[in-house]
Amino acid sequence: WGLYRVTCHGHSSFDSALHMGPLPNRLRSGVVTFGLRGEGWYYGHEVKAAQLTGWGIEVHEGWRYVGPDSTSAFLFLHEMYLQRADWKRAGNPAQLAAKLGINSIYGKLAQLTGWDEENLLPPKYHQQWYAGQTTSWCRARLWLAMAQAPDAIVACETDGIYSLEPLSVPLSQHLGDWEYETYDEAIYVQSGVYFMRQGDEWKKAKLRGLSANNMSVADVMRHLPDLS
């Protein structure tokens, strides 16, 4: 639960299809890159993940929370998560309300809309420390998993990885662990746009920002020669 100013000196034996470093860097344009070297302030989750995977990290200074850890403002989330999982397995549509409710908590913590410019006050529930820790923890978990087999990684989404081989991660229904699905074939067009096949049937389609009527597997297959 710390925040540290570090320099990443690279990886002495880095040879990976990932072609990216472990620590993010936001450019002035707003684009986030993951360079192989650099300096900046980072949460401890990602600093530790970088060190565990062989990156040369030099820590210059930092802030670390050392107060009592016996209480948390978010202990109720685990119970909500398990309830939502039960509802989802039972086909209860209330699971969607629970999912959005849990997601919205992070959204409120990271919220910028509603900033009081006159009094220089943030939105009521804006809390960068909690929001940043959440994002950092998720990115660190993704990095540690991808580092196991970098040449097998097809893509990663916000909290998921698409890999050509199994990864050693904790599998369970508990909050913070992973779930695992296997497919026989995938067509991955770009982040948020992909199709998954199990057996003879295309089971899963993700078309972020697009209508299912606007793109099908046949459409993508027809245009594949133009992309090669």
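Note that these values count all heavy atoms, side chains included, but never hydrogens, waters or copies made by symmetry.
Cys8 places none of its side-chain heavy atoms less than 4.5 Å from the side chain of Glu39. Looking at heavy atoms from C-beta onward, Tyr42 lies out of side-chain contact with Leu3 at the 4.5 angstrom threshold. Contact of the Glu46 side chain with the Pro22 side chain is not registered, since no non-hydrogen atoms from C-beta on lie closer than 4.5 Å. Two residues are said to be in side-chain contact when any heavy atoms from C-beta on lie closer than 4.5 Å; Pro93 and Trp87 fail this criterion. Side-chain contact check for Tyr4 versus Arg64: some heavy-atom pair is nearer than 4.5 Å. In this structure, Leu167 and Tyr180 have side chains that are not in contact, with every pair of non-hydrogen atoms separated by 4.5 Å or more. Considering only heavy atoms from C-beta on, Lys88 comes within 4.5 Å of Arg84 through its side chain.
A donor-acceptor pair under 3.5 Å is formed between the side chain of Gln127 and the backbone N or O of Tyr130. Looking at Glu157, its side chain does come within 3.5 Å of a backbone N or O of Gly192 through a donor-acceptor pair. A distance-only check finds no donor-acceptor pair linking the side chain of Asn92 to the backbone of Gln95 [under 3.5 Å]. Panel note: side chain Arg26, backbone Gly30; a donor-acceptor pair is recorded below 3.5 Å. In this structure, His45 contributes its side chain and Ser136 its backbone to no donor-acceptor pair below 3.5 Å. Side chain of Gln173 to main chain of Leu82: no donor-acceptor pair is present (N/O by atom type, distance under 3.5 Å, no hydrogens or angles). With hydrogens and angles ignored, the 3.5 Å screen pairs a side-chain donor or acceptor of Gln198 with a backbone N or O of Thr182. A donor-acceptor pair under 3.5 Å is absent between the side-chain atoms of Asn103 and the main chain of Leu100, judged by distance alone. Between the side chain of Arg89 and the backbone N or O of Gly91, no donor-acceptor pair lies under 3.5 Å. Between the side chain of Tyr125 and the backbone N or O of Ala110, no donor-acceptor pair lies under 3.5 Å.
Hydrophobic clustering, with ILVMFWY side chains joined whenever heavy atoms are under 4.5 angstrom apart, keeps Met196 apart from Ile153. Grouping the Ile, Leu, Val, Met, Phe, Trp and Tyr side chains by contacts below 4.5 angstrom, directly or via other members, places Leu77 apart from Tyr106. Hydrophobic clustering, with ILVMFWY side chains joined whenever heavy atoms are under 4.5 angstrom apart, groups Phe76 together with Leu109. The hydrophobic clustering, which links ILVMFWY residues whose side-chain heavy atoms are closer than 4.5 Å, places Leu171 and Met146 together. Under the 4.5 Å side-chain heavy-atom criterion for Ile, Leu, Val, Met, Phe, Trp and Tyr, Leu142 and Val32 are members of the same hydrophobic cluster.
For residues 144-176, the ring-ring contact (aromatic ring centres under 6.0 Å, His included) pairs, not counting sequence neighbours, are His78-His174, Tyr162-Tyr188, Tyr162-Tyr194. Residue pairs that meet the side-chain hydrogen bond (donor to acceptor under 3.5 Å, both in side chains) test with at least one member in residues 28-37, sequence neighbours left out, do not exist here.
Closest non-hydrogen pair, Trp178 versus Arg141, comes out as CZ2-O, 3.9 Å. Counting all heavy atoms, side chain and backbone alike, Pro123 lies closest to Gly114 at CG-C, 4.0 Å. Annotation for Gly62 and Trp41: closest pair CA-CZ3, 4.1 Å, computed over non-hydrogen atoms.
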Handout entry: Gln111 and Lys108: CA distance, side-chain angles, deciding distance, side-chain hydrogen bond (donor to acceptor under 3.5 Å, both in side chains) verdict
Key = CA-CA 5 Å; Gln111 178 180 334; Lys108 297 302 289 186; 2.7 Å; yes
Practice task
Show your reasoning for whether side-chain contact (heavy atoms from CB on, under 4.5 Å) applies to Leu23 and Ile57.
Solution key: CA-CA 10 Å; Leu23 302 175; Ile57 302 295; 4.2 Å; yes
Handout entry: Derivation of the side-chain contact (heavy atoms from CB on, under 4.5 Å) call for Asp219 and Val217
Key = CA-CA 5 Å; Asp219 293 330; Val217 173; over 6 Å; no
Handout entry: Intermediate values then yes/no, side-chain contact (heavy atoms from CB on, under 4.5 Å), Phe34 and Asn25
Key = CA-CA 6 Å; Phe34 289 81; Asn25 175 53; over 6 Å; no
Handout entry: From CA spacing to verdict: side-chain contact (heavy atoms from CB on, under 4.5 Å), Met221, Ile187
Key = CA-CA 9 Å; Met221 296 293 283; Ile187 300 176; 3.4 Å; yes
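Few gaps surround CD on Glu185; more than 12 heavy atoms of other groups in view lie less than 6.0 Å from it. Counting non-hydrogen atoms of neighbouring residues, nucleotides and ligands closer than 6.0 angstrom, the CD atom of Glu58 exceeds 12 such neighbours. Within 6.0 Å of CD in Glu61 there are more than 12 heavy atoms belonging to other residues, nucleotides or ligands.
Interatomic distance, CG of Asp184 versus CG of Asp200, reported as 9.0 Å (0.5 Å rounding). The OG atom of Ser104 sits 12.5 Å away from atom NZ of Lys99, with the distance rounded to the nearest 0.5 Å. Of the inter-residue distances, the one linking Asp151 atom CG with Glu165 atom CD reads 8.5 Å to the nearest 0.5 angstrom. The SG atom of Cys156 sits 6.5 Å away from the CD1 atom of Ile161 when rounded to the nearest 0.5 Å. Annotation: the span from Leu121 atom CG to Trp115 atom CH2 amounts to 8.0 Å, rounded to 0.5 Å. A distance of 9.5 Å separates CG in Leu36 from CE in Met20, rounded to the nearest 0.5 Å.
Side-chain contact, Glu181 with Tyr183: a donor N or O sits under 3.5 Å from an acceptor N or O.
Residues Trp55 and His9 place their aromatic rings such that the two centres sit no closer than 6.0 Å.
Each of Trp137, Trp129, Trp63 was scored for a ring pair (Phe, Tyr, Trp, His ring centres under 6.0 Å) with Tyr43, with one residue passing: Trp129.
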